[in-house]
Amino acid sequence: MHFERADDDLRLLTAMPKPELHLHLDGSLDPALALELAASRGVDAPRDWAGMRAALVAPERCIDQADLLRAFDLPIALLQDAEALHRASETLLRAKAADGVAYAELRWGPALHTAKGLSLREVIAAVASGASAATAATGIEVRLIATAIRSHDAATNRALATAAVASRDLGVVAFDLAGREAAHPDPLEFSDAFNVAREGGLAITLHAGEWGGAAQVRRALEVHPARIAHGAVAADDAALCAELVARNVVLDLCPSSNVQAAIVAGYGDFPIARLRSRGVRITLNTDDLVVSDLTLSEEYVRVRRRLGLEVAELIEIAREGYAAAFLDDRTRARLLSGFDAWLAARRLAAPPRS
Ligand SMILES: [Zn+2]
């Protein structure tokens with residue numbers, strides 16, 4: 001019985017046109033493509049599919065965030081030329097479209113892909129052209145987020161912000177910060193880069209609370225983000241939740257990834273219900289298709305089954321994703337009307353407009 005119900009949920013939630021706002025390119029490298037790239041680029045890596053898959057998928061339970069991040073080293077080594085970046089982007093976004101993702105914000109750290117001579121602009125252009133190919137083939141709408149890296153120096157991240165602003169014509173809409181939070185806890189180290197990005201018209205987001213608890217989420221507010229990647233630990237701090245609500249900051253949550261990085265004890269402890277009951281705006285995402293071996297539909301099903309949210313609540317969460325997306329009003333309205341039409345065709349109620 002349980003299995004049948006899970007199948008029904010999975011069918012419905014796979015078909016639902018979902019937004020995904022927190023998704024990393026390098027954490028989502030298809031193992032078959034990785035095999036081909038390793039062979040053709042002469043990169044030292046497993047030579048069979050099972051071995052490659054084992055190398056790209058992180059353990060279900062890592063020691064901490066830094067341990068999880070080790071899974072990114074091989075994909076970054078494989079993605080150092082324009083063709084590789086184009087194909088990784090196209091392959092991922094086609095897989096997302098097949099999983100019912102109608103809108104994706106794809107993020108990655110362009111400065112990690114310049115080891116063989118690509119400029120930041122060339123890295124961004126290659127990922128953008130892969131995204132365009134996926135859009136042409138499937139209709140998926142895509143925007144790009146340039147991610148600065150905490151372990152890079154301030155000048156490198158500032159140069160990325162400048163390149164990202166100059167690449168708004170390629171679909172870059174936002175500037176992000178990610179990486180080892182324990183080693184570089186203070187985002188104000190990069191306030192210059194954030195200022196360049198903001199003044200250049202990019203939305204601001206950053207990763208926070210993968211280490212260091214609610215204090216790190218509070219610290220993230222110092223760079224005035226529109227959204228925070230993760231930040232679930234804010235649920236432990238009622239005053240912080242109130243501040244997130246007052247500032248209208250959205251949390252782009254990834255429950256499975258947080259379980260994997262040992263940020264929460266188990267999936268059942270993930271505080272979606274607590275955050276929502278305090279009025280905090282949240283979206284639901286995977287973080288990484290391959291590192292976490294997880295589709296967005298599967299994450300929705302986990303929230304349904306392991307956290308007990310109703311399908312109606314998952315519909316509200318998906319709708320919140322479109323509302324929080326870094327999109328122009330016209331595209332947002334088009335995607336939302338497609339979403340509402342899909343609901344209406346299935347006689348599922350759209351949540352009341354806020
Ligand atoms: Zn992330």
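Both ligands and their constituent atoms are indexed starting at 1 by order of listing. FYI, the numbering just counts along the sequence from 1. These numbers were taken from a predicted model, which means no experiment stands behind them.
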Worksheet item: Going by heavy atoms in the side chains, are Leu23 and Leu92 under 4.5 Å from each other?
Response: yes
Worksheet entry | Short N-O contact, Arg87 and Asp30, less than 4.0 angstrom | no
Worksheet item: Strictly under 2.8 Å, is any N, O or S atom of His230 next to the Zn ion (ligand 1)?
Response: no
Discussion item. Taking 2.8 Å as the cut-off, does Asp287 contribute an N, O or S atom near the Zn ion (ligand 1), distance below it?
Written reply: yes
Worksheet item: Is the Zn ion (ligand 1) less than 2.8 Å from an N/O/S atom of Cys254, whether that atom is in the backbone or a side chain?
Response: no
Item to complete: Kindly report the NE2-the Zn ion (ligand 1)-NE2 angle for His207 and His24 respectively, rounded to 10°.
Response: 90°
Worksheet entry | Neighbour count above 12 (heavy atom, 6.0 Å) for Asp48 CG | yes
Practice prompt. Please check if the distance between the ring centroids of His22 and His207 is under 6.0 Å.
Written response: yes
